[in-house]
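Beneath this line is the structure, given in structure tokens, with notes to follow.
The figures that follow rest on heavy atoms only: side chains count, while hydrogens, waters and symmetry mates do not. Throughout, protein chains are lettered first and strands after them, A, B, ... in sequence-line order, and every chain is numbered starting at 1.
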2 protein chains.
Amino acid sequence: MPVKNPGLKSAASSTVEDYLERILELINSKGYARVVDIAAALEISQASVTNMVQRLDAERLLKYEKYRGLVLTEAGEKLARRIAHRHRLLTEFLKLLGLDDRVICHDVEGMEHHISVPTLRAIEALTRQLRRRPALRAQLETALV
Amino acid sequence: MPVKNPGLKSAASSTVEDYLERILELINSKGYARVVDIAAALEISQASVTNMVQRLDAERLLKYEKYRGLVLTEAGEKLARRIAHRHRLLTEFLKLLGLDDRVICHDVEGMEHHISVPTLRAIEALTRQLRRRPALRAQLETALV
DNA sequence: TAAATAAATTAGTCTTAACTAACTTTGCAT
DNA sequence: ATGCAAAGTTAGTTAAGACTAATTTATTTA
């Protein structure tokens with residue numbers, strides 16, 4: 001089934017989004033993202049990462065020199081940031097629903113690539129409202145017995 | 001990336017879920033689901049449908065006789081119903097957020113396969129609360145300008 | 001009922017994105 | 001400086017799930 005992925009109107013597949021997300025995380029936390037670290041983070045082989053990294057270089061989302069490492073391009077970083085932001089918003093939303101971290105993590109990782117900008121905005125607004133209505137959140141929790 | 005699909009703790013992939021969903025829809029609306037109709041509904045070739053239908057038969061989610069048609073098994077129908085139900089709950093939820101039908105349709109089709117049972121329950125509870133709080137819904141709509 | 005059309009099937013191909021195994025490069029420790 | 005381990009790369013394979021083209025079966029209509 002050719003299910004498109006226009007969530008961020010980038011041409012990025014879910015897979016590409018996952019890579020960018022992890023790469024940005026690594027850069028933020030360690031200052032760099034090596035093939036071996038990306039592979040560990042995504043729980044896939046180094047070979048797969050090498051392939052994808054070369055592809056992302058071809059797509060100008062990062063600059064890669066063989067054996068020497070990579071840096072995100074302007075475009076790549078921008079995209080990665082938006083992906084990370086979307087991830088955070090979804091996580092916060094589910095957190096407010098009282099779900100546990102394991103479930104949140106799993107579901108967000110699955111859904112995040114499929115959420116369009118308008119839906120994300122709506123969820124963001126809802127999250128804000130939910131945040132200031134503890135009584136409503138309490139209602140939800142009791143419903144989850 | 002080996003992203004599992006434990007939403008309904010069935011072994012069904014997203015693709016299988018899509019097929020079952022459409023097959024049930026067809027059966028509900030026309031009384032039967034032919035290869036040609038499934039293909040049209042999913043916008044894929046008849047050949048692809050034939051393949052999948054044979055696989056679903058092997059997995060005992062439906063019974064299929066070459067050239068003669070198919071019926072869902074008990075297990076297949078049960079699963080299909082749960083998939084359809086999840087689809088409806090998500091659609092209703094997004095509807096209450098004031099999103100337009102195109103967006104809802106797209107996003108639900110993407111997300112539905114990745115929502116776990118606990119998350120679905122939480123969203124269901126939230127939907128109920130949202131339904132009885134028009135003021136809150138109005139707040140959301142104004143935030144979506 | 002026979003021809004024409006619609007539906008279904010088969011066989012083989014393509015793409016994406018994983019994998020393993022084998023090899024190369026780099027960097028560190030002696 | 002060399003040798004070993006860690007990191008990275010290449011080549012070739014696999015699996016899911018699409019596709020087309022060719023063929024077969026079923027159905028409709030003249």
Side-chain angles (χ1 to χ4, degrees), chain A residues 1-7 10-23 26-27 30-59 61-71 83 109-110 112-114, chain B residues 1-7 10-23 26-27 30-59 61-71 83 109-110 112-114:
Chain A
M1 237 94 42
V3 169
K4 305 313 181 309
N5 175 242
S10 63
S13 69
S14 301
T15 305
V16 166
E17 292 191 355
D18 278 330
Y19 274 91
L20 288 176
E21 195 170 356
R22 299 314 175 105
I23 288 169
L26 285 168
I27 288 177
K30 324 183 39 172
Y32 54 87
R34 294 180 307 172
V35 168
V36 69
D37 300 320
I38 301 166
L42 293 172
E43 298 183 88
I44 61 181
S45 71
Q46 291 184 27
S48 302
V49 173
T50 295
N51 280 334
M52 180 57 85
V53 157
Q54 289 171 352
R55 172 177 151 193
L56 295 177
D57 179 280
E59 292 178 14
L61 292 170
L62 52 79
K63 262 187 307 208
Y64 183 56
E65 282 185 89
K66 264 190 197 174
Y67 299 106
R68 312 267 60 196
L70 62 86
V71 281
I83 292 164
E109 271 168 34
E112 60 181 336
H113 312 293
H114 306 280
Chain B
M1 238 91 42
V3 170
K4 307 307 182 314
N5 178 240
S10 62
S13 69
S14 301
T15 306
V16 165
E17 291 191 357
D18 279 330
Y19 274 91
L20 288 177
E21 195 170 356
R22 300 313 175 107
I23 288 171
L26 286 167
I27 289 176
K30 324 181 40 170
Y32 54 88
R34 295 180 306 172
V35 168
V36 69
D37 299 319
I38 300 166
L42 293 173
E43 299 183 272
I44 61 180
S45 71
Q46 292 184 27
S48 301
V49 173
T50 295
N51 280 333
M52 180 57 84
V53 156
Q54 289 171 351
R55 170 177 153 192
L56 295 178
D57 179 281
E59 293 178 12
L61 292 169
L62 51 80
K63 264 188 304 206
Y64 184 55
E65 283 185 89
K66 265 190 198 176
Y67 299 106
R68 308 267 66 193
L70 62 87
V71 282
I83 292 164
E109 273 168 33
E112 59 182 337
H113 313 293
H114 306 280

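In terms of heavy atoms, B:R55 sits closest to B:S13 at NH2-OG, 4.0 Å. Nearest heavy-atom pair, B:R22 versus B:L42, reported as atom, atom and distance to 0.1 Å: CG-CD2, 3.3 Å.
Side-chain atoms of B:T50 lie closest to C:dT10 of the nucleotides D:dG8, C:dA18, C:dT10. If you check D:dT9, C:dT9, C:dA18 against the side chain of B:Y64, the one that comes closest is C:dT9. The side chain of B:V35 has C:dT9 as its nearest neighbour among D:dC19, D:dA7, C:dT9.
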Please report, to 0.1 Å, the donor-acceptor pairs under 3.5 Å made by any side chain of residues 30-41 of chain A, with sequence neighbours excluded.
residue: A:K30; atom: NZ; partner: A:D37; partner atom: OD2; Å: 3.4
residue: A:R34; atom: NE; partner: A:D37; partner atom: OD2; Å: 3.0
residue: A:R34; atom: NH2; partner: A:D37; partner atom: OD1; Å: 3.3

Counting only pairs under 3.5 Å, give me each side-chain donor-acceptor contact of residues 47-54 of chain A, with atom names and distances, residues two or more places apart or in other chains.
residue: A:S48; atom: OG; partner: A:S45; partner atom: OG; Å: 2.9
residue: A:T50; atom: OG1; partner: A:Q46; partner atom: O; Å: 3.3

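In this entry the distance linking CE of B:M52 with P of D:dA18 reads 6 Å, nearest Å. Taking atom CD on B:E65 and atom P on D:dA26, their separation rounds to 11 Å, with Å as the unit. If you measure from atom CD1 of B:I44 to atom P of C:dA8, you get 13 Å, rounded to the nearest angstrom. At whole-Å resolution of the value, OH in A:Y32 and P in C:dT26 are 18 Å apart. Distance CG (A:L56) to C1' (C:dT16): 14 Å, rounded to an integer number of Å. Rounded to whole Å, atom C1' of C:dA7 lies 14 Å from atom CD of B:Q54. Protein atom CD of B:E43 is 10 Å distant from nucleotide atom P of D:dC19, rounded to whole Å. Counting to the nearest Å, the P atom of D:dA6 and the CG atom of A:D37 are 14 Å from each other.
Within the 4.5 Å cutoff, no side-chain heavy atoms of B:Y19 are placed close to those of B:I83.
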Report the C-alpha distance between A:H113 and A:D18 in whole Å, list the side-chain angles of each, state the deciding distance to 0.1 Å, and finish with yes or no for side chain to side chain contact (heavy atoms under 4.5 Å, CB included).
-> CA-CA 9 Å; A:H113 312 293; A:D18 278 330; 3.0 Å; yes

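Under 4.0 angstrom from either OP1 or OP2 of D:dT10 there lies at least one side-chain N or O belonging to A:K66.
We find the CD-CG distance between A:E21 and A:L26 to be 11.0 Å, quoted to the nearest 0.5 Å. Here B:L61 contributes atom CG and B:E17 contributes atom CD; the two are 10.5 Å apart, rounded to the nearest 0.5 Å. Put simply, CG on A:L56 and CG on A:L70 are 9.0 Å apart, with the number rounded to the nearest 0.5 Å.
Residues A:R68 and A:N51 both approach DNA chain C. Their nearest nucleotides, taken by heavy-atom distance, put A:N51 toward the 5′ side. Two residues, B:R55 and A:G69, neighbour DNA chain D, and the one matched to the more 5' nucleotide by heavy-atom proximity is A:G69.
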So which protein N/O to nucleotides 20-23 of chain D N/O distances come out below 3.5 Å?
none

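Relative to the axis of its first five pairs, the axis of the last five pairs of the helix from C:dT1-D:dA30 to C:dT30-D:dA1 sits at 0°, rounded to 10 degrees.
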